[in-house]
Number of protein chains: 2
Amino acid sequence: MTSIRDIAKYAGASVTTVSRVINNSGYVSAATRFRVEQAIADLAFTPSASARRMRSGSSRMVGVVLPALDVPFFGILAHVIERELFRRGLQALICCTDESADQEAQYISMLLSQQVDGVLAASVLEDSAQYQRLVDAGVPIVAIDRALPGLSVKRVAADHHLGGRMMAEHLLGLGHRRFAVIGAPQHSPPVQARVQGAVQRLAEAGLGAQVVLGPAHDFDACRALAAGILTGGERPTALIGTTDIAAIGAVHAAIGAGLSVPWDISVIGFDDLPESRYVLPALTTVAQPLREIGTQAVAQLVAQMAGEEITLPDLPLRLVLRDTTAPPC
Amino acid sequence: MTSIRDIAKYAGASVTTVSRVINNSGYVSAATRFRVEQAIADLAFTPSASARRMRSGSSRMVGVVLPALDVPFFGILAHVIERELFRRGLQALICCTDESADQEAQYISMLLSQQVDGVLAASVLEDSAQYQRLVDAGVPIVAIDRALPGLSVKRVAADHHLGGRMMAEHLLGLGHRRFAVIGAPQHSPPVQARVQGAVQRLAEAGLGAQVVLGPAHDFDACRALAAGILTGGERPTALIGTTDIAAIGAVHAAIGAGLSVPWDISVIGFDDLPESRYVLPALTTVAQPLREIGTQAVAQLVAQMAGEEITLPDLPLRLVLRDTTAPPC
DNA sequence: TTGTACGCGTTATCAG
DNA sequence: CTGATAACGCGTACAA
């Protein structure tokens, strides 16, 4: 590796001067600066991040802990976060936990040893003992979407409970009386909040709902889940999906069962992913501002890294009317 | 920061001993080992990755350069790669270039300064001068999907040209005679190869095709592209989408134009993303083994990092018959 | 088996 | 304006 000392020798200057040129700090004569820059170009020199970190204590890296990248929701979130960090000269260290507590713990050890300047986490952990280690090390943390139970860290997330209410509200307004809530993944607190919100709103209208949740959040699993409740005689006229994927599965199940959507049965989703428009008929859904969640989380974290306090604007939900909901016949 | 020296003092041992305990190297008496481990636990010590890297020269990090994470194709690829690296004790440093040559160059400087042990790249660059810098620094590189022009690095990718031929072949076999190839992004070499393969196969059958490509690869853009060629009197009876997203857009355009799929018009896609099953009717497509591409790329890179040579198995394409193709009427 | 001392590449401090 | 030097945390010859 060519080091700052090689540059100094080559340019006939001292290491101090070279450092000054690189970091634009202190005074350097134009002539010296030129010689040093020449040397840097000639020898294709790149400063060592490790050495810098060792001196400064700061790595300019941020840990981004997510359950996955291969599902659109987290893919989009990761993308926004990565871009937003890059824009600020920060490097994302993306960690896919695969919903495994064990791996999440390993990742946290790694983030600690990398001396990341901050952490953004959509955690799957029940207790936050692992994250406590980061807190103890003085690393700022911001929770995304899912909370970090027992830790007093800020959380950037949409109001999932309200989202559940909005889904129910829309179908109620259309005149539906027989509901089912279906979807996955059942272990996800945001999903649970949505279910709770929907059930609560229905209860306020004096109505109950069949709730069917599963562990797996793929298309097939969700379709099977929905298919299971479409057989009985007293089948629901309205299906509330916990997510867009769940709702898309439900639409397929309904059509597969010979029902017409939305005339025989209405379906609503949550998220408003690009995918929601791929189904035919296109999915009615409650949109959460996913990209804004990423942006705000980064803004919040960066503020905390600078020791500042900021208040973020609300993250509004929005009903997106498309073609899978209609009054019952 | 608590360092190896603090542990030594606390445990009443030397730094050497502590280092040996941490790295499981050399002889340490059971009693000493226990005291040291105790100390590490008590003081919540984590070895500094920077200091290690500085000594060893190896960072155990791998740069992963991708155009984006918010499109399913690259989201899935990134996921597989990240998991596969983690399994081998390597940390992925994911870099989203947003299809910008400028940012890609910045990322490469960063990877150089981080002293990554290897790089996996799906590059957007026309020339590979930037990657030459990595080569010069002795960093192993493996190209994924897209090639690195002018560089003699291994590339892990499906045979896109053949994929194009397979799409044409299937529709030809069904009896179609009037074709259009539509989709995006036109600047992507794999997409170009697919188009070329399809056109070539059609030419072999003595047939031409209308080719309509656009720069933007989102659903709306692709749907608009397809809608544009559905209006004339002599409209095609078969649409070849450059990707699944393009094909999904085409299905929507066709249905929006009052056509029935597959009876009035057939549509075929490429990739076999989960999304291809969301449309109704479900999309017929040519599957590329996306996850296997990620796995093989990592295997190849790791081999190169170890100075080994390996030969990878083929990456077979597969026609997936679903509901958007049928003989013309 | 254990301990001492040095060097990895930077930057901050202080002296010139 | 420029230069010498110490220090960051770790691993490893070498010495004991």
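Everything numeric in this text was worked out from a predicted model, so none of it was measured. Numbered from 1 within each chain, the chains take letters A, B, ... in sequence-line order. The analysis underlying the following values was restricted to heavy atoms, covering all of them including side chains, and did not include hydrogens, waters or symmetry mates.
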For a quick test of reading the model: is some side-chain N or O of [X] closer than 4.0 Å to OP1 or OP2 of [N]?
X: A/Ser50; N: C/dT10; value: no
X: A/Arg52; N: C/dT11; value: yes
X: B/Ser3; N: D/dG9; value: no
X: A/Ser19; N: C/dA12; value: no

- Query: Do other residues, nucleotides or ligands put more than 12 heavy atoms under 6.0 Å from the CG atom of A/Asp136?
  - Reply: yes

- Evaluate whether atom NZ of B/Lys154 has more than 12 neighbouring non-hydrogen atoms of other residues, nucleotides or ligands under 6.0 angstrom away. yes

Just call it for [X]: base, sugar-phosphate, or nothing, with non-hydrogen atoms closer than 4.0 Å on any strand.
X: B/Ala13; result: sugar-phosphate
X: B/Ser48; result: sugar-phosphate
X: A/Arg53; result: nothing
X: B/Arg55; result: base
X: A/Thr32; result: sugar-phosphate
X: B/Thr17; result: sugar-phosphate

Starting from [atom2] on [N], measure out to [atom1] on [X] and report it in whole angstrom.
X: B/Met54; N: D/dG11; atom1: CE; atom2: C1'; value: 12 Å
X: A/Arg20; N: C/dC14; atom1: CZ; atom2: P; value: 14 Å
X: A/Phe34; N: D/dC1; atom1: CZ; atom2: C1'; value: 19 Å
X: A/Arg35; N: D/dC1; atom1: CZ; atom2: P; value: 14 Å
X: B/Ile40; N: D/dG9; atom1: CD1; atom2: C1'; value: 14 Å
X: A/Arg60; N: C/dT10; atom1: CZ; atom2: P; value: 18 Å
X: A/Ile7; N: C/dG9; atom1: CD1; atom2: C1'; value: 12 Å
X: B/Leu112; N: C/dG9; atom1: CG; atom2: P; value: 15 Å

- Query: When the nearest nucleotide of DNA chain D is assigned to B/Thr2 and to A/Ser29 on a heavy-atom basis, which residue is associated with the more 5' position?
  - Reply: A/Ser29

Could you work out which one of [options] sits closest to the side chain of [X]?
X: A/Asn23; options: C/dT11, D/dT2, C/dG9; answer: C/dT11
X: A/Val28; options: C/dT1, C/dT11, D/dT2; answer: D/dT2
X: A/Thr16; options: D/dG11, C/dG9, D/dT5; answer: D/dT5
X: A/Pro47; options: D/dC1, C/dT10, C/dT4; answer: C/dT10
X: B/Ile4; options: C/dT2, C/dT10, D/dG11; answer: D/dG11

- Take A/Arg52 and B/Ser50, measure what side-chain hydrogen bond (donor to acceptor under 3.5 Å, both in side chains) needs, and give me the verdict at the end. CA-CA 9 Å; A/Arg52 283 187 155 163; B/Ser50 343; over 6 Å; no

- Which distance, rounded to the nearest 0.5 Å, do you find between the OG1 of B/Thr97 and the CD of B/Glu99? 6.0 Å

- Task: Indicate whether the side chain of B/Tyr131 and that of B/Glu104 have a donor and an acceptor atom separated by less than 3.5 Å.
- Result: yes

- Please report the shortest heavy-atom distance between A/Ala92 and A/Leu85, naming the atom on each side. CB-CD1, 3.7 Å

